[in-house]
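Here the structure comes first, spelled out in structure tokens, and everything after it is commentary.
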Amino acid sequence: MPDHTMSNVHLVTIAIANLGGHETYVDTEDIAIQVNELAPGKFSWRKYPEYIDLQVVKYALQDARRERNGGLVVGGSSGGWMLSLAGMEWINDLDTADKDTRGGLVSYRKGSLLLSQELELNRLRRTEAFSLYRENKTEELLLIDLYKFARINEYFPAKTRQRRFIFIENVVSRDAELQDLWSILKERFAEEFE
């Protein structure tokens with residue numbers, strides 16, 4: 001029986017979280033399969049309910065990307081979808097909500113999502129960039145410090161860089177010092193973010 005208590009926007013956001021969209025882009029078709037498992041039949045064709053209506057899934061993803069709906073995801077049909085910072089916060093808030101109120105829909109690998117964020121936070125705190133930040137020597141930050149902080153290099157394609165930047169943005173939101181350092185790095189090396 002389809003779950004009609006959650007909007008399509010929220011269901012596709014949960015599907016992205018289930019598929020590791022906190023760290024990497026997820027394909028629309030994978031999201032369609034996952035969302036059909038979360039709410040069987042809700043995204044199906046009217047006349048042939050055994051088939052998932054990919055267009056309905058795409059509309060829900062586009063709506064989830066819109067600011068008026070919270071801007072929960074970023075990306076697109078051609079390159080895939082990822083949780084935005086707002087989407088990460090919504091998923092984390094949903095996880096702390098009473099399980100009865102969410103109808104058992106959240107089955108994402110909480111350990112995977114939170115563990116991956118915690119590991120990344122620990123790694124970021126061990127970087128040279130963070131050491132310089134803690135010592136109030138941010139004027140000494142070099143481009144290589146950004147590269148090591150974000151785990152990129154000059155050869156990374158734009159899409160791969162963007163994915164890493166979104167992941168870093170989501171992770172540092174949990175730590176005020178790292179968030180401040182990230183802002184400094186983005187301002188100082190703005191050309192790397194274009």
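Heavy-atom basis, side chains included; hydrogens, waters and symmetry copies ignored. Residue numbers count from 1 along this sequence.
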Are [X] and [Y] close enough for a salt bridge, meaning some N to O gap below 4.0 Å?
| X | Y | answer |
| --- | --- | --- |
| Glu192 | Arg161 | yes |
| Glu120 | Arg164 | yes |
| Lys148 | Asp145 | no |

Below 4.5 Å, heavy atoms only, C-beta onward: do [X] and [Y] meet side chain to side chain?
| X | Y | value |
| --- | --- | --- |
| Leu178 | Phe130 | yes |
| Trp182 | Asp175 | no |
| Trp90 | Leu83 | no |
| Val172 | Leu181 | no |
| Asn18 | Leu38 | yes |
| Arg163 | Thr160 | yes |

Side chain [X], main chain [Y], donor-acceptor under 3.5 Å:
| X | Y | result |
| --- | --- | --- |
| Asn69 | Asp63 | yes |
| Arg188 | Thr138 | yes |
| Thr127 | Arg123 | no |
| Arg65 | Leu61 | no |
| Thr13 | Leu72 | no |
| Asn170 | Leu85 | yes |

Whether over 12 other heavy atoms sit under 6.0 Å from Glu29 CD: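 No, CD of Glu29 has 12 or fewer neighbouring heavy atoms, counting only those of other groups under 6.0 Å.
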Exceeds 12 heavy-atom contacts within 6.0 angstrom, atom CZ of Phe165: yes
Lys186: partners by salt bridge (charged side-chain N to carboxylate O under 4.0 Å, His left out), with sequence neighbours left out: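 Lys186 satisfies salt bridge (charged side-chain N to carboxylate O under 4.0 Å, His left out) with Glu169 once adjacent residues are dropped.
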Parallel, tilted or perpendicular: ring planes of Trp45 versus Tyr51, cut at 30 and 60 degrees: tilted
Leu142 CG to Phe189 CZ distance, which is reported to the nearest 0.5 Å: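 It comes to 6.5 Å.
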Cluster check Val74, Tyr59: I/L/V/M/F/W/Y, side chain < 4.5 angstrom: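 As far as the 4.5 Å side-chain criterion goes, Tyr59 and Val74 are not connected within one cluster.
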